[in-house]
Amino acid sequence: MPTIDPTAFSTALLAWYDDHHRDLPWRVSPRDRAAGRKPDPYRVWLSEVMLQQTTVAAVKAYFETFTRRWPQIANLAQAPESDVLSAWAGLGYYARARNLHACARTVHAAYGDRFPETAAALKALPGVGDYTSAAIAAIAFDEPAAVVDGNVERVITRLIALETPLPRAKPQIRHQAEQLTPDHRPGDFAQAMMDLGAMICTPRRPACGICPVDVFCTATRTAKAERFPIKEKKKPIPERSGAAFVAFRRDGAVFLRQRPGSGMLGGMSEPPSTDWSARTDGATGRDAAPFSADWQQAGTIEHGFTHFRLTLEVWRADDVAEAAVGGRVAGWWSGPDQIDGEALPTVMKKVLKAATRGRSEASRRRKT
DNA sequence: TATACGTGGCA
DNA sequence: TTGCCAAGTAT
């Protein structure tokens with residue numbers, strides 16, 4: 001395996017970063033950083049958690065909303081969990097939001113609103129793992145921690161043309177990352193590796209012709225860089241199905257309930273729904289309704305999750321009286337002014353949209 | 001070590 | 001349309 005000179009590598013990468021870095025809302029530019037401005041650990045942590053498995057484009061608006069509503073960690077710690085979940089709605093991986101809130105409370109109560117400053121201590125916090133602890137330690141506290149995310153995995157497997165498939169290659173990648181991480185500007189180095197992965201060393205059609213570290217790269221010389229990283233084959237994604245029941249009160253309010261606090265969409269809101277079982281034996285039809293009403297078919301929706309595809313029958317009932325629910329289901333009525341503030345995951349927004357479309361069509365038919 | 005856990009964009 | 005991908009963590 002070819003050896004890379006770490007000093008020469010980080011010098012070349014950081015010089016490129018100084019000129020070509022992305023400006024992002026949670027970042028301190030290398031110029032400001034050199035002038036002594038330190039990143040706010042709260043904003044670094046919040047952005048890193050949001051960015052877990054999530055694109056920069058999707059995160060920007062949420063980061064803006066969160067930092068405006070909760071400017072400091074104490075504000076976030078004092079917020080009800082339901083407020084955090086509803087603000088997170090649409091961003092996905094909702095355990096992140098529950099852990100975010102738990103982490104804020106821990107830092108508030110146990111650390112006096114100050115984040116611990118080492119990767120080892122950060123890693124003990126909820127929702128902070130190998131990657132995030134290293135990123136916060138490097139970016140906010142100048143610890144030369146090896147920051148290994150998907151970008152770094154891609155860059156390093158190409159640098160050394162690593163034929164070992166992921167995830168088996170992770171230990172080798174980590175070792176190489178530790179070799180390359182400099183004591184000087186470790187935070188900028190981590191962000192530079194990610195910018196390189198995002199702008200030059202991209203998953204498809206990498207721009208090797210303008211790469212600032214191409215002289216260190218084996219893949220660009222001996223083969224197509226795009227071959228790397230090599231990955232194990234994925235299993236096929238199964239299908240599941242179920243039914244959702246959207247009850248409208250006469251004033252247009254919708255009946256919602258809260259999902260269990262852990263597991264799929266944990267703690268989020270939904271119209272009452274069946275479990276999601278294998279496609280063949282999914283409980284469907286109006287017999288599965290949570291309470292009696294004049295249930296009408298409102299079509300089906302499809303939604304792709306990470307590990308299964310879901311088809312949901314949508315049922316709708318109009319002019320439902322509160323007495324019809326009769327305490328059979330724990331939940332609440334959400335009026336038109338409240339619905340936008342509910343913690344509705346995207347799949348449930350699709351359900352409500354299908355039901356609302358059916359309701360407005362039925363309403364038009366009644367009028368004509 | 002393998003699996004559960006969301007969503008939106010792109011080819 | 002389908003599959004892959006994007007700054008991972010918890011169990």
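Just so it is clear, the values below take in all heavy atoms, side chains as well, and ignore hydrogens, waters and symmetry mates.
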Say you pick atom P in C/dC4 and the same atom in B/dT3; how far apart are they, in whole Å?
->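 The same atom, P, in both gives a distance of 16 Å.
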Mind checking the P distance from B/dG8 to C/dT9? Whole angstroms is fine.
-> 22 Å
Rounded to whole angstrom units, what separation is found between the [atom1] atom of [X] and the [atom2] atom of [N]?
X: A/Lys231; N: C/dG3; atom1: NZ; atom2: C1'; value: 12 Å
X: A/Arg98; N: C/dG8; atom1: CZ; atom2: P; value: 19 Å
X: A/Met264; N: C/dT9; atom1: CE; atom2: P; value: 20 Å
X: A/Gln52; N: C/dA10; atom1: CD; atom2: C1'; value: 11 Å
X: A/His307; N: C/dC4; atom1: NE2; atom2: P; value: 17 Å
X: A/Phe305; N: C/dG3; atom1: CZ; atom2: P; value: 17 Å
X: A/Leu51; N: C/dC5; atom1: CG; atom2: C1'; value: 15 Å
X: A/Arg205; N: C/dC5; atom1: CZ; atom2: P; value: 17 Å

Mind checking whether A/Phe66 and A/Trp88 have parallel, tilted or perpendicular rings, split at 30° and 60°?
->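 Plane angle over 60°, so perpendicular.
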Neighbours of DNA chain B within residues 81-97 of chain A, by heavy-atom distance under 4.0 Å |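 Residues of residues 81-97 of chain A under 4.0 Å from DNA chain B: A/Gly90, A/Leu91, A/Gly92, A/Tyr93, A/Tyr94.
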Touch check for [X], heavy atoms < 4.0 angstrom, all strands: base, sugar-phosphate only, or nothing?
X: A/Arg154; result: sugar-phosphate
X: A/Val49; result: nothing
X: A/Met194; result: base
X: A/Leu310; result: nothing
X: A/Val347; result: sugar-phosphate
X: A/Thr132; result: sugar-phosphate
X: A/Thr54; result: base
X: A/Pro167; result: nothing

Checking A/Thr132 side chain against A/Gly129 main chain: does a donor-acceptor pair fall under 3.5 Å?
->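 No, A/Thr132 side chain to A/Gly129 backbone: no donor-acceptor pair under 3.5 Å.
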Determine yes or no for a side-chain-to-main-chain donor-acceptor pair under 3.5 angstrom, with A/Ser334 supplying the side chain and A/Trp332 the backbone.
->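 Checking the backbone N and O of A/Trp332 against the side chain of A/Ser334, no donor-acceptor pair under 3.5 Å is found.
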I'd like a table of donor-acceptor pairs (distance under 3.5 Å, sequence neighbours excluded) in which one partner is a side-chain atom from residues 136-146 of chain A, with atom names and distances.
unit_1: A/Asp142; atom_1: OD1; unit_2: A/Arg33; atom_2: NH2; d: 2.9
unit_1: A/Asp142; atom_1: OD2; unit_2: A/Arg33; atom_2: NH2; d: 2.8
unit_1: A/Glu143; atom_1: OE1; unit_2: A/Ala119; atom_2: N; d: 3.0

Does the cation-pi check pass for A/Arg328 over A/Phe291, that is, NZ or CZ under 6.0 Å from the six-membered ring centre and within 45° of its axis?
->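 Ring-cation test returns no.
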A/Arg259 to A/Trp276 six-membered ring, cation-pi geometry met (6.0 Å, 45°) = yes
Side-chain ion pair, A/Arg43 and A/Glu48, N-O less than 4.0 Å |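 The answer is no: the pair does not qualify as a salt bridge.
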Sidechain N-carboxylate O distance under 4.0 Å for A/Glu270, A/Arg257 = yes
Report the residue (A/Thr55 or A/Lys235) whose heavy-atom-nearest nucleotide on DNA chain B is the more 5′ of the two.
-> A/Lys235
When the ring centroid of A/Phe305 is compared with that of A/His303, is the distance short of 6.0 Å?
-> yes
Start and end of the DNA chain B segment that chain A contacts, any atom under 4.0 Å from a heavy atom = B/dT3 to B/dG8
Could you verify whether a donor N or O on one side chain and an acceptor N or O on the other, from A/Ser269 and A/Gln258, lie under 3.5 Å apart?
->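 Judged by distance alone, the side chains do not pair up.
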Heavy-atom nearest nucleotide on DNA chain C taken for A/Glu48 and for A/Pro126; more 5' hit belongs to A/Glu48
5'-most contact on DNA chain C: A/Trp26 or A/Lys123, nearest heavy atom basis?
->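 Closer to the 5' end of DNA chain C: A/Trp26.
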Derivation and outcome, side chain to side chain contact (heavy atoms under 4.5 Å, CB included), residues A/Arg316 and A/Phe248 = CA-CA 8 Å; A/Arg316 161 187 56 82; A/Phe248 290 97; 3.8 Å; yes
At under 4.0 Å, does any side-chain N or O of A/Lys234 touch on OP1 or OP2 of C/dC5?
-> yes
Kindly say if A/Gln53 contacts the phosphate of C/dG8, meaning a side-chain N or O under 4.0 Å from OP1 or OP2.
-> yes
